[in-house]
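Before any comments, here is the structure.
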Amino acid sequence: MNLPSAFHFAFNIRDLDQARAFYGGVLGCIEGRSTDTWVDFDFFGHQISLHLGEPFATANTGKVGQHMVPMPHFGIILLYPDWRAMADRLQVAGVEFVLAPQVRFEGEPGEQWTMFFRDPFGNPIEVKGFRSEAQIYAH
């Protein structure tokens, strides 16, 4: 059996139905197993498990270029066309951005598009976009 590596991340949320609406409805993640205290989602090929509880504390302490971004955070890397579609989807849904969709490191190795937003419980998420996989670790 050749199972590709997949990342698993479990974190707290306050309301399962609200989580389903955001992760399933807004982000388009497919729901997996669940109980009355947690729900799994396919987060772009990776498993996230959202458990009822108090979300982790975050602060804007991560300096990237001229911006301070929330730490800790998690997210996903998409190829640019999918990133652009996600940015458009989030804007149509009225998601409030911590850092609006933009390009950073333009013209440099590792040029990328980024956006930061929070789920309804305050958990910060970053979505990065690259023109090719080769750019992800370019330096």
So which heavy atom on [X] is nearest to which on [Y], and how close?
X    : Y    : answer
H8   : A10  : NE2-CB, 3.9 Å
G110 : A138 : N-CB, 3.6 Å
P124 : P72  : CG-O, 3.1 Å
W83  : T114 : CZ2-O, 3.5 Å

Side chains of [X] and [Y]: closer than 4.5 Å at any heavy-atom pair?
X    : Y    : value
I13  : Q18  : no
H67  : R104 : no
F117 : V26  : no
V64  : F105 : yes
Q112 : I136 : no
L99  : E126 : no
P70  : V98  : yes
V103 : Y80  : no

Among F121, F43, F41, find the residue that satisfies the side chain to side chain contact (heavy atoms under 4.5 Å, CB included) test when tested with L50.
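Result: among F121, F43, F41, F41 is the only option passing the side chain to side chain contact (heavy atoms under 4.5 Å, CB included) with L50.
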Which atom pairs, one a donor and one an acceptor, fall under 3.5 Å between side chains of residues 127-135 and the rest of the protein, sequence neighbours left out?
{"unit_1": "S132", "atom_1": "OG", "unit_2": "A134", "atom_2": "N", "d": "3.4"}
{"unit_1": "Q135", "atom_1": "OE1", "unit_2": "R131", "atom_2": "N", "d": "2.9"}
{"unit_1": "Q135", "atom_1": "OE1", "unit_2": "S132", "atom_2": "N", "d": "3.3"}

Approximate separation, where rounding is to 0.5 Å, of [X] [atom1] and [Y] [atom2]:
X   : Y    : atom1 : atom2 : answer
F44 : I30  : CZ    : CD1   : 10.0 Å
I48 : I76  : CD1   : CD1   : 10.0 Å
C29 : Y23  : SG    : OH    : 8.0 Å
E96 : F116 : CD    : CZ    : 15.0 Å
N12 : N123 : CG    : CG    : 8.0 Å
D15 : R20  : CG    : CZ    : 9.5 Å

Stepwise side chain to side chain contact (heavy atoms under 4.5 Å, CB included) check, L27 with M86
CA-CA 8 Å; L27 295 184; M86 177 63 73; 4.0 Å; yes
Within the side chain of D42, is there an N or O that forms a donor-acceptor pair under 3.5 Å with the backbone of G32?
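Not at all, since once roles are kept as given, no pair shorter than 3.5 Å links the two residues.
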Side chain to side chain contact (heavy atoms under 4.5 Å, CB included) assessment of Q91 paired with F97:
CA-CA 9 Å; Q91 288 171 324; F97 291 97; 3.6 Å; yes
Is the ring pair H46/F7 parallel, tilted or perpendicular, if the boundaries are 30 and 60 degrees?
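Geometry flag for F7 against H46: perpendicular rings.
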Should the heavy atoms of other residues, nucleotides or ligands under 6.0 Å from CD of E108 be counted, would the total exceed 12?
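Yes - once you tally the heavy atoms of other residues, nucleotides and ligands closer than 6.0 Å, there are more than 12.
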Could you give the side-chain donor-acceptor pairs of residues 53-62 under 3.5 Å, partners two or more places apart or in another chain?
{"unit_1": "E54", "atom_1": "OE2", "unit_2": "R14", "atom_2": "NH2", "d": "3.0"}
{"unit_1": "T58", "atom_1": "OG1", "unit_2": "R118", "atom_2": "NH1", "d": "3.0"}

Aromatic contact between F11 and F74, with the criterion being ring centroids under 6.0 Å apart: yes or no?
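Under 6.0 Å, so yes.
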